[in-house]
Q: 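Take this structure, written in structure tokens, and hold onto it; I'll ask about it next.
Atom set for the values below is all heavy atoms of this structure, side chains included, hydrogens, waters and symmetry mates excluded.
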Amino acid sequence: MNTPSISSAAPRLEMRAVQCIRGASLLFDNLNCDLQSGETLQIRGPNGSGKSTLLRILAGLAQPDTGAVLWCGNDVRELGPEFSAVLHYVGHHNGIKLDLTARENLAFCQELLGNVDAEALNSALERVGLTASAGNRARRLSAGQRRRLALARLILCHAPLWLLDEPLTSLDNEGRALFKELMQRHTAASGIVVLATHEADIGANGPQRELRLK
Amino acid sequence: MNTPSISSAAPRLEMRAVQCIRGASLLFDNLNCDLQSGETLQIRGPNGSGKSTLLRILAGLAQPDTGAVLWCGNDVRELGPEFSAVLHYVGHHNGIKLDLTARENLAFCQELLGNVDAEALNSALERVGLTASAGNRARRLSAGQRRRLALARLILCHAPLWLLDEPLTSLDNEGRALFKELMQRHTAASGIVVLATHEADIGANGPQRELRLK
Amino acid sequence: MSAARACKAVLRRDLLLGLRHRAELANPLVFYVIVASLFPFAVGSDTPTLAIIGPSVIWVCALLAATLSLDRIFHADFDDGTLEQLILARQPLVLLVGAKTLAHWLLCGVPLVPAALALAVLYQLPATALWPMLSTLLLGTPVFSLTGTALAALTVGLSGSGVLLALLILPLYIPVLIFSVAAVGNAMNGLSIAGELYFLSALLVLALTVMPFAAAAALRIRLG
Amino acid sequence: MSAARACKAVLRRDLLLGLRHRAELANPLVFYVIVASLFPFAVGSDTPTLAIIGPSVIWVCALLAATLSLDRIFHADFDDGTLEQLILARQPLVLLVGAKTLAHWLLCGVPLVPAALALAVLYQLPATALWPMLSTLLLGTPVFSLTGTALAALTVGLSGSGVLLALLILPLYIPVLIFSVAAVGNAMNGLSIAGELYFLSALLVLALTVMPFAAAAALRIRLG
Amino acid sequence: MLERLYKYAAPHQFFALSRALTPWFGGAAAALLAVGLAGALWFAPPDYQQGESVRIIYVHVPAAWMSLFVYVVLAAAGITGLVWNVKVADALARASAPLGASFTLLALATGSLWGKPMWGTWWVWDARLTSELILLFLYLGYIALQGAIEDTRMAARAGAVLAAIGLVNIPIIHYSVEWWSTLHQGPTITRFDAPAIHASMLVPLLIMALGFKAFYAATALVRMRCELLESECNSAWVTELGSGGK
Ligand code: HEM
Ligand SMILES: Nc1ncnc2c1ncn2[C@@H]1O[C@H](COP(=O)(O)OP(=O)(O)OP(=O)(O)O)[C@@H](O)[C@H]1O
Ligand SMILES: Nc1ncnc2c1ncn2[C@@H]1O[C@H](COP(=O)(O)OP(=O)(O)OP(=O)(O)O)[C@@H](O)[C@H]1O
Ligand SMILES: [Mg+2]
Ligand SMILES: [Mg+2]
């Protein structure tokens with residue numbers, strides 16, 4: 001609120017010499033990267049190379065051992081909740097309540113994010129193909145349907161930075177196509193996408209960069 | 001024990017008019033299929049079409065609403081634990097204890113399955129590339145490493161029938177290749193594989209069949 | 001204001017989840033009544049003994065019921081990843097945690113009050129004990145919820161956190177217990193209970209000002 | 001025999017997991033001691049009253065501690081999918097469940113015995129009460145573990161299963177409670193406790209023969 | 001005979017049978033309860049010791065008996081459903097639980113109403129009273145379990161296991177008055193030798209007891225039909241029923 005710049009300025013995510021140590025082993029060291037609006041960064045690497053850990057660090061859910069993550073030039077540790085406001089994070093876990101219906105889950109997200117809009121909710125459900133199951137408790141949804149519900153958060157309201165950990169898990173072909181389209185639109189609208197995935201082709205349309213771990 | 005035939009006979013899995021109803025909706029009806037040794041069945045279908053449910057029914061973890069599953073001609077409900085002895089099931093969940101090390105997890109599986117063999121254990125760890133992390137608690141493993149640990153069960157001891165629910169989740173390319181090779185060997189050794197996956201190519205070598213849901 | 005709306009959303013969601021498990025909602029209550037009725041079983045139906053231990057049993061059981069229900073404040077949210085979403089929400093975490101505390105109190109604290117009064121009747125406590133019972137419960141249960149939330153945040157995601165939590169929390173509850181039982185005892189002996197009530201109010205104010213911040217900090221630590 | 005080996009594996013694994021969370025292992029115990037010592041706080045350290053309510057408090061708290069630890073018998077196994085693996089193991093499920101029950105008793109039941117004796121001293125119970133306390137605990141705690149396993153199997157995977165489980169189990173524990181406390185009371189009054197011990201033994205034999213089967217059936221139902 | 005039974009165990013057959021039987025049981029309940037209450041309130045003498053308050057016995061005792069009886073029915077039905085996979089038995093168990101809980105509550109309420117004039121207090125922690133309270137908890141536990149499990153088939157099967165385990169408590173309640181010397185009345189009516197109660201009281205009491213049973217049967221049949229409709233909503237016969245077929 002006191003630095004309105006960061007929500008209005010052009011999105012820009014930087015890693016500066018980010019290092020992470022887990023247990024006795026160095027996961028990664030001296031990671032540097034400068035992502036501008038419209039860019040897609042795909043984090044790749046074999047299992048256990050630290051992709052998920054890096055994403056959590058970028059989201060501010062974990063701290064790097066040395067180095068820093070900057071958003072529009074500000075250290076995200078200092079930005080705090082302000083930084084949370086500019087990102088969507090979808091991790092290995094879906095982050096949905098199994099005892100609420102699909103619709104209730106999304107409505108809650110909206111309220112949490114601060115913009116209630118029934119129309120946006122309906123169109124998000126429609127987009128991810130859950131209109132028919134919107135009234136079902138999430139517990140009854142299949143693995144792929146739950147993942148779709150988690151991804152529906154992305155289109156509920158705008159956030160310039162998307163951090164996605166294996167977003168395509170459990171999705172069928174139609175779901176993958178849908179998701180790729182969402183991503184393309186987001187980068188076309190000058191957003192930034194960082195995702196970890198083992199897919200060969202993620203079909204980004206803007207400038208696409210790769211970060212290989214290990 | 002009283003029908004030694006089923007463990008020595010050539011593996012054969014049949015579905016007879018299998019039907020499953022969940023809530024108010026019919027997931028699938030009148031599924032028929034006859035799988036002989038060496039065959040691979042890939043269950044396909046969009047998200048929520050009932051693939052996982054069907055696999056649980058095949059494993060005897062759930063009951064079909066009508067119809068039956070037969071193993072070597074016997075209804076699996078009547079075979080009970082005898083049927084469990086001929087199959088490996090790997091579901092969406094990995095079925096590993098996060099507070100045991102990778103090695104301890106596999107050792108426990110061996111004892112449960114009734115053949116303790118340190119060599120088999122070491123070679124299984126080696127095959128799935130977890131030798132270096134064998135002494136780590138599974139909680140510290142990454143998503144893909146955990147999946148590898150779950151799949152290591154398949155090679156710990158022989159079972160003619162493999163039931164796998166999206167086995168490739170979280171695996172990197174090397175992991176996928178490894179798994180495909182395991183599957184090929186299994187069918188070459190006259191096993192049966194039933195798997196649910198959204199992958200286009202699962203690289204089976206023997207006769208490969210497909211079951212499309214919805 | 002959007003912060004207020006987010007808090008309301010958290011509150012509404014938690015209440016909804018609570019109501020959706022109607023069984024779960026009634027459970028702490030029934031548990032409370034069962035445990036409290038175990039004692040007469042064990043002690044025998046000797047009325048004077050029952051009246052002596054009555055206030056203590058009622059309060060100790062209220063404390064246990066409150067403790068048992070703590071586990072669910074964050075546990076489920078942690079398991080399904082919604083806790084991360086909460087932390088990444090665009091609002092100050094303190095407020096959201098405060099809303100969760102309030103929901104917990106409404107679902108688990110408030111129902112204890114009528115249950116305790118009913119038990120007081122069953123234990124044949126004199127009528128003079130009822131008002132102090134009521135007022136101490138209304139002051140004490142929010143302290144339980146507030147302190148409990150902070151410690152639940154600290155232990156979230158630890159295996160066996162249920163019992164660990166109970167272990168950490170019970171010593172913190174003891175002051176509330178002592179003063180509340182003393183108040184009821186005083187009232188039964190015709191003495192003033194103002195001192196105890198002041199003390200409990202002070203504890204409540206302290207908990208209100210400190211605990212949500214502690215809880216928010218603990219959550220950030222545990223998930224960091 | 002491979003069934004015996006599988007049982008041993010289950011037992012060893014559960015004990016290992018228990019020991020690995022040393023905190024978790026100590027927790028029910030510490031919880032027990034804390035709750036039991038809340039009463040003197042609440043009742044006041046009036047020795048005759050304490051001696052009267054002593055056996056009841058000790059037993060009720062043992063029962064609560066046993067109840068609280070039930071949740072973890074199957075809960076974790078259900079969450080991570082190892083329960084399915086257990087059901088699909090090549091051995092009769094009854095035996096594996098029996099091994100889990102035994103592990104639970106060793107981890108959570110047996111430690112209660114010395115703790116209860118220590119508490120008996122704290123409550124200044126007469127020496128004549130110690131032997132009945134010991135024998136009833138040794139007969140009663142396995143019944144708790146056995147019955148608890150069956151009910152834990154029934155409620156596995158249900159949301160809020162902790163309190164639901166407590167709700168279901170407490171009524172079933174009551175007979176054990178009544179007879180045990182009666183035995184201690186009789187002993188303190190110089191009467192014979194043979195009748196109570198016979199009854200408790202009968203309950204134990206009943207539980208031993210019925211509960212593992214009930215638990216296995218319940219698991220199949222819940223996962224089916 | 002067995003064949004007949006088996007036939008009516010099919011949900012749609014039972015549905016028809018239950019429709020036919022309900023009015024009979026309902027009518028019998030109304031008639032018996034009317035006659036019984038008249039007998040209880042006007043024809044039976046007041047007790048020489050207890051005065052008019054003895055008339056509570058005509059509600060209390062049948063309700064208390066029913067609370068035990070219904071639990072046994074519930075457990076038996078549950079086990080039948082579990083072992084032989086009879087859906088009608090599952091429905092009976094599920095339908096019985098709230099009824100049994102209500103009878104238990106009624107026995108507790110009338111008992112404590114009676115206790116006030118008799119023992120001078122609403123409630124004592126006596127063995128029978130407390131064990132009746134536990135019975136209430138058993139019912140509530142059963143209901144809570146049913147509520148917690150969404151799938152009705154699974155809920156019924158899980159409930160059956162619970163009910164079977166809880167069966168241990170029934171003899172404890174029944175014999176509690178003999179095992180512990182308590183305030184509560186010992187067996188006066190259910191003794192194997194001659195009942196220690198005068199016929200002018202016994203007859204209305206027995207009529208009331210029969211009336212309660214008929215009432216239970218009628219309500220259970222209605223509730224079972226609801227249960228069956230709900231759990232069988234996918235099957236052909238329900239669809240037919242819904243589309244106006246007979
Ligand atoms: C809340 C209080 C009470 C409860 C929970 C209660 C419970 C019960 C129960 C469960 C039975 C059936 C026992 C069986 O068939 O095995 C019963 C029967 C009976 N009760 Fe009560 N009762 C209460 C109060 C009273 C009072 C105050 C009286 C009268 C002094 C009374 C008189 C009787 C009689 C005469 C029977 C029939 C005994 C028989 O089976 O022959 N009850 N009661
Ligand atoms: N109680 C219920 N009421 C209504 N629908 C239910 C119920 N339980 C399950 N379902 C539906 O059954 C289906 C379950 O499918 P299942 O998990 O087998 O799908 P799947 O083919 O494995 O999908 P995925 O590819 O996403 O893993 C879902 O469509 C779900 O909505
Ligand atoms: N406390 C610890 N001690 C030792 N190693 C640890 C510890 N915590 C995590 N690790 C290691 O850190 C890595 C975590 O990696 P992470 O989960 O980020 O991998 P990932 O790239 O997301 O892999 P995947 O593709 O399998 O999801 C693993 O190799 C794990 O073994
Ligand atoms: Mg990862
Ligand atoms: Mg699936």
Q: From C/Thr82 OG1 over to A/Phe108 CZ, what is the distance, rounded to the nearest 0.5 angstrom?
A: 7.5 Å
Q: Considering only heavy atoms and a distance below 4.5 Å, find which of A/Ala150, A/Gly95, A/Ala107 pairs most often with chain C.
A: A/Gly95
Q: Verify, without hydrogens or angle tests, whether C/Gln85 (side chain) and A/Tyr89 (backbone) share a donor-acceptor contact under 3.5 angstrom.
A: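 Pair found, side chain donor or acceptor close to backbone of A/Tyr89.
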Q: Return yes when atom CZ of A/Arg209 has more than 12 non-hydrogen atoms of other residues, nucleotides or ligands closer than 6.0 Å, and no otherwise.
A: yes
Q: With only heavy atoms counted, which part of A/Glu104 is less than 4.5 Å from chain C, the side chain, the backbone, both or neither?
A: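 The side chain, not the backbone.
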Q: Is A/Leu100 in contact with chain C via its backbone, its side chain, both, or neither, using a 4.5 Å heavy-atom distance?
A: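 For A/Leu100, heavy atoms of backbone and side chain both lie under 4.5 Å from chain C.
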Q: Over all heavy atoms of both residues, which pair between A/Ser84 and C/Leu88 is shortest? Give the atoms and the distance, please.
A: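 Residues A/Ser84 and C/Leu88, closest heavy atoms: CB-O, 3.1 Å.
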Q: Contact part of C/Leu96 toward chain A, heavy-atom cut-off under 4.5 Å: side chain, backbone, both or neither?
A: side chain
Q: Counting only non-hydrogen atoms closer than 4.5 Å, does A/His88 touch chain C with its backbone (N, CA, C, O), its side chain (CB onward), both, or neither?
A: side chain
Q: Is it the case that atom NE2 in A/His93 sees more than 12 heavy atoms from other parts of the structure closer than 6.0 Å?
A: no
Q: May I ask you to say whether A/Glu111 pairs ionically with C/Arg13, meaning some side-chain N is under 4.0 Å from a carboxylate O?
A: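 Here A/Glu111 does not pair with C/Arg13 in a salt bridge, since their nearest N and O are not under 4.0 Å apart.
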Q: Where does A/Leu87 contact chain C at under 4.5 Å (heavy atoms): side chain, backbone, both or neither?
A: both
Q: Which residues pass the salt bridge (Lys or Arg N to Asp or Glu O under 4.0 Å) test with A/Asp75, sequence neighbours left out?
A: A/Arg77
Q: Using non-hydrogen atoms and a 4.5 Å limit, figure out which bit of A/Ala159 sits close to chain C: side chain, backbone, both or neither.
A: both
